[in-house]
Amino acid sequence: MQSSSLSARIRSLLTVACGSRMSAQPCIASLAAVVIPVALFVSGCAVGPDYKRPDAPLAERYTPQPLPAQTAEAGGKGGEAQRFVRDLDIPGQWWTLFHSKQLDGLIVQALKANPDVEGAQAALKGAWENVYAQQGAYFPSVDATVNPTRQKISDAVASPLANNSNVFSLHTAQVSVAYAPDVFGGNRRQVESLKAQADWQRFQLEATYLTLTSNVVAGAVGEAAIRGQITATKRIIDIQGQTLDLMQRQYALGQIATADIAAQEAALAQSQAALPPLEKQLAQQRDLLARLVGRFPGDTMTETFELSALQLPQELPLSLPARLVAQRPDIRSAEEQLHAASAEIGVSVANRLPNITLSANVGYTAASIGQLFAPGNGFWTLAANMTQPIFQGGTLLHRQRAAEAAYDQAAAQYRSTVLTAFQNVADTLHAIQSDADALKAAVAAERAAAKSLAIVRSQLELGDVSHLALLNAEQTYQQATINHVQALANRYADTAALFQALGGGWWNRLDVPADGEK
């Protein structure tokens, strides 16, 4: 605030306090001569350390060895090679890179209706209201008081009235002005701390957005994976059922024994038994998605997800390590906690220094309300008070030391958060490379298993192989098919995890104000 505007604001408050009459001008002048110079003094420096952002890490990469230019290619839907693009910016709506309209719509619903988001938004609003409330201490407080009384005094006490009556009324109306100039910046440090806490809440909100959108994507991929496993299991059941029909015809012709029929029936029953647990997982996954978008499990949700309907992003961002500390909401939250702890040191130091309070009262007193503003019934007082703590039993000293220790704790927590974030990114990059290799191997294994199963079935029809060979071929194909689905789902899930690990592009979102205050 400029000194001229602050001076004008204080003069207007003093005018209210002293009244607008000509006789009030000495009161205004006296108060202004004391209050304004001290108020302007608060624009100086504040005690305690000035906060300095931690330096960015010096790490140049996330992994010990440089990453390859691209991952392995498995072929087919979801098997495309992915390229790591250094310092590629992340879009605010990064989930749209999967090109699923149903997924996009579900996330829009989640951002609107999820109670965790609503709670984080309310917490941010409350944090800024606390900032505004603390900023009110920059200005004088003005109170108006009206005090009508009716009283009787003892006969042994002289009456204050000219008629010596011991029963009388007394009417008092006054305006009181109190001001505690922030000489040593204790209030400014308190405001600074509250602003840091509000920024912490802002990044908590961003973390809530990121966690929610990532969970919705993970939930959709999880549903698609389960549906893929159910489809594979049903296909295995069909194959085993067809094989059982073939063997029953062979048994009717006397070509195989009863034991072979029983073994195939057992294999079919085992595959059928694997279906209900998958269906249970699917139902629970749908319940999870319903909760994430703010619905009850009993509500109808028309969106369904299949792996074939998702498109794998082929260009993956690889943010510079130095930029990660500015992108991750959890790191920014930890930094604001560090900032708040730094400001609290200044508050504790200011509490050990002199506290100055200026006050003024102006008003009127009369025996009847009609004479309240009559000439000669007015009064005013000016007062100043300075309090210097001398002995508090070590309380203020230890509170300052506690604030300094809290700062050291916040600094350690910040470093821990940074290390965890780098580990998170590194783990995800390793997973993406491994997922591509695993998918390539799973696709090759499924093709080989399918080919082997077809050959064994043809040989069984001709009576060239035993039923044991068929059972082995069926089990191999079943496991290879499920492994393929799981490997494909892991690739989608870990790709989404990379966007989350790098911060999710919240800085490119258009639906959140840059300062977070509104």
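Counting from 1, the numbers follow the sequence of the chain as shown. Since the model is a prediction, treat every value here as computed from it, not as a measurement.
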How far does [atom1] of [X] sit from [atom2] of [Y], to the nearest 0.5 angstrom?
| X | Y | atom1 | atom2 | answer |
| --- | --- | --- | --- | --- |
| I236 | T231 | CD1 | OG1 | 12.0 Å |
| L316 | I432 | CG | CD1 | 5.0 Å |
| Q337 | Q413 | CD | CD | 6.5 Å |
| I482 | I230 | CD1 | CD1 | 11.0 Å |
| L312 | L488 | CG | CG | 8.0 Å |
| Q327 | N508 | CD | CG | 9.0 Å |

Work out which heavy atom in [X] is nearest to a heavy atom in [Y]; give both atom names and the distance.
| X | Y | answer |
| --- | --- | --- |
| P317 | L502 | O-CD1, 3.3 Å |
| A340 | A196 | N-CB, 3.6 Å |
| A120 | T208 | CB-OG1, 3.9 Å |
| L212 | L292 | CD1-O, 3.6 Å |
| G504 | I90 | C-CG2, 3.9 Å |
| T63 | Q65 | OG1-O, 2.6 Å |

Margin query: Could you walk me through whether Q478 and Q270 satisfy the side-chain hydrogen bond (donor to acceptor under 3.5 Å, both in side chains) test, starting with their C-alpha distance in whole Å, then the side-chain angles of each, then the deciding distance to 0.1 Å, before giving a yes or no?
Written below: CA-CA 12 Å; Q478 179 181 15; Q270 185 177 9; over 6 Å; no
Taking the side chain from [X] and the backbone from [Y], do they hold a donor-acceptor pair closer than 3.5 Å?
| X | Y | answer |
| --- | --- | --- |
| N114 | A110 | no |
| S452 | A448 | no |
| Q285 | G219 | yes |
| Y492 | L310 | yes |
| Q82 | T71 | no |
| S348 | I345 | yes |
| N130 | L194 | no |
| E118 | D116 | no |
| R332 | R202 | no |
| D330 | A207 | no |

Taking only Lys NZ, Arg NE, NH1 and NH2, and the carboxylate oxygens of Asp or Glu, determine whether [X] and [Y] approach each other closer than 4.0 Å.
| X | Y | result |
| --- | --- | --- |
| R189 | D50 | yes |
| R509 | E206 | yes |
| R401 | E404 | no |
| E129 | K125 | no |

Notebook entry, point to check: After noting the C-alpha distance and the side-chain angles of T304 and R227, does the key distance pass the side-chain hydrogen bond (donor to acceptor under 3.5 Å, both in side chains) rule?
Noted result: CA-CA 10 Å; T304 58; R227 289 186 184 277; 5.1 Å; no
Does the side chain of [X] reach to within under 4.5 Å of the side chain of [Y], using non-hydrogen atoms?
| X | Y | result |
| --- | --- | --- |
| V221 | F98 | no |
| I107 | V217 | yes |
| L210 | P329 | yes |
| L106 | M301 | yes |
| H339 | D199 | no |
| L429 | V425 | yes |
| R447 | K451 | no |
| Q433 | L67 | yes |

Next item on the list: Check the pair Q134, N187 against side-chain hydrogen bond (donor to acceptor under 3.5 Å, both in side chains), reporting the backbone distance first and the verdict last.
Entry: CA-CA 8 Å; Q134 189 66 37; N187 189 64; 2.6 Å; yes
Does [X] [atom1] have over 12 foreign heavy atoms under 6.0 Å away?
| X | atom1 | answer |
| --- | --- | --- |
| K234 | NZ | no |
| L58 | CG | no |
| R399 | CZ | no |

Margin query: Ring centres under 6.0 Å, that's the criterion: do W95 and F499 meet it?
Written below: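 W95 vs F499: aromatic centres not under 6.0 Å.
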Item checked: Residues forming a ring-ring contact (aromatic ring centres under 6.0 Å, His included) with Y62, sequence neighbours excluded ->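 Partners of Y62 by the ring-ring contact (aromatic ring centres under 6.0 Å, His included) criterion, ordered by chain and then number, come out as F422.
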Checklist line | Derivation of the side-chain hydrogen bond (donor to acceptor under 3.5 Å, both in side chains) call for Q197 and S193 | finding: CA-CA 6 Å; Q197 293 176 40; S193 176; 3.2 Å; yes
Note to self: Run Q70 and F84 through side-chain contact (heavy atoms from CB on, under 4.5 Å) and show every step you take.
What the structure shows: CA-CA 6 Å; Q70 64 181 33; F84 295 107; over 6 Å; no
Check: Checking side-chain contact (heavy atoms from CB on, under 4.5 Å) for the pair W94/T213: CA distance, chi angles, key distance, verdict?
Finding: CA-CA 9 Å; W94 56 269; T213 54; 3.9 Å; yes
Checklist line | side-chain contact (heavy atoms from CB on, under 4.5 Å) evaluation trace for E223 with E306 | finding: CA-CA 7 Å; E223 177 185 329; E306 302 279 353; over 6 Å; no
Next item on the list: Start with the C-alpha distance between E335 and Y414, add both sets of side-chain angles, then the distance that settles side-chain contact (heavy atoms from CB on, under 4.5 Å), and finish with yes or no.
Entry: CA-CA 6 Å; E335 181 186 340; Y414 173 81; 3.8 Å; yes
Please list every donor-acceptor pair under 3.5 Å in which a side-chain atom of residues 238-252 meets a protein atom from a residue at least two apart or in another chain.
unit_1, atom_1, unit_2, atom_2, d
Q240, OE1, S271, OG, 2.7
Q240, NE2, S271, OG, 3.3
T243, OG1, I239, O, 2.8
T243, OG1, E474, OE2, 3.2
Q250, NE2, L460, O, 3.0
Y251, OH, T258, OG1, 3.3

Note to self: Any donor-acceptor pair under 3.5 Å linking the side-chain atoms of D89 with those of W507?
What the structure shows: yes
Next item on the list: State whether a side-chain donor-acceptor pair under 3.5 Å links Q204 with S333.
Entry: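 Yes, side-chain donor-acceptor contact under 3.5 Å.
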